[in-house]
Amino acid sequence: MRVIVDEDLCLGCGICEGLAPEVFSLANEPFAEVLVDPVPEEYEEAVIQSVEECPEEAIIIVEE
Ligand code: SF4
């Protein structure tokens, strides 16, 4: 799986980081950065949950 965050849509709420801290980080930017590309299989479920929970629909799965 490969995933991106649309930084123009992201509000920096931190929900994705809370659900998948191995994949998303707000440590360096006001928006969520993707830390691992491609996403290791063990984190895919947390990424899918993040996509569903993101209030701005800013997380986009670009490759299943
Ligand atoms: Fe940004 Fe969405 Fe993550 Fe919130 S859940 S920090 S809006 S990508």
Side-chain angles (χ1 to χ4, degrees):
M1 173 193 279
R2 297 186 58 234
V3 68
I4 57 170
V5 171
D6 185 328
E7 61 186 63
D8 294 325
L9 291 178
C10 175
L11 288 177
C13 70
I15 290 174
C16 56
E17 186 181 46
L19 291 168
E22 300 86 357
V23 180
F24 301 107
S25 171
L26 286 112
N28 299 315
E29 300 289 347
F31 54 85
E33 287 185 292
V34 177
L35 300 174
V36 283
D37 181 35
V39 175
E41 213 174 308
E42 62 262 41
Y43 304 141
E44 287 187 358
E45 206 172 301
V47 168
I48 290 166
Q49 203 183 346
S50 300
V51 170
E52 290 169 357
E53 298 287 330
C54 175
E56 295 303 308
E57 299 183 1
I59 307 171
I60 301 150
I61 294 172
V62 292
E63 200 178 296
E64 296 287 339

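These numbers come from a predicted model, not from an experiment. Side chains included, hydrogens not; waters and symmetry mates left out as well; all remaining heavy atoms used. Counting starts at 1 for both ligands and their atoms, following the listed order.
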Practice item. Assess whether side-chain contact (heavy atoms from CB on, under 4.5 Å) is satisfied between V23 and L35, documenting all intermediate values. Key: CA-CA 5 Å; V23 180; L35 300 174; 5.8 Å; no
Exercise for review: Please test D6 against F31 for side-chain contact (heavy atoms from CB on, under 4.5 Å), starting from the C-alpha separation and ending with a verdict.
Suggested key: CA-CA 9 Å; D6 185 328; F31 54 85; over 6 Å; no
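Within the 4.0 Å heavy-atom criterion, neither part of L9 lies near ligand 1.
The ligand atoms of ligand 1 that sit less than 4.0 angstrom from a heavy atom of C10 are 1 (Fe), 6 (S), 7 (S), 8 (S). Which parts of ligand 1 touch L11 is read off a 4.0 Å heavy-atom cut-off, strictly below it: atoms 1 (Fe), 7 (S).
Looking at atom 8 (S) of ligand 1, its nearest protein heavy atom turns out to be I59 CG1, 3.6 Å.
Closest heavy-atom approach to atom 3 (Fe) of ligand 1 among the candidates C54, S25, G12, C16: C16.
Within the 4.5 Å cutoff, the side chain of S25 has heavy atoms near those of the E17 side chain.
At least one N, O or S atom of C13, from either the backbone or the side chain, sits less than 2.8 Å from atom 4 (Fe) of ligand 1.
Counting heavy atoms of neighbouring residues, nucleotides and ligands inside a 6.0 Å radius, atom CD of E41 does not exceed 12 of them.
V51 pairs in a side-chain contact (heavy atoms from CB on, under 4.5 Å) with only one of the listed residues (I59, L19, I60), which is I59.
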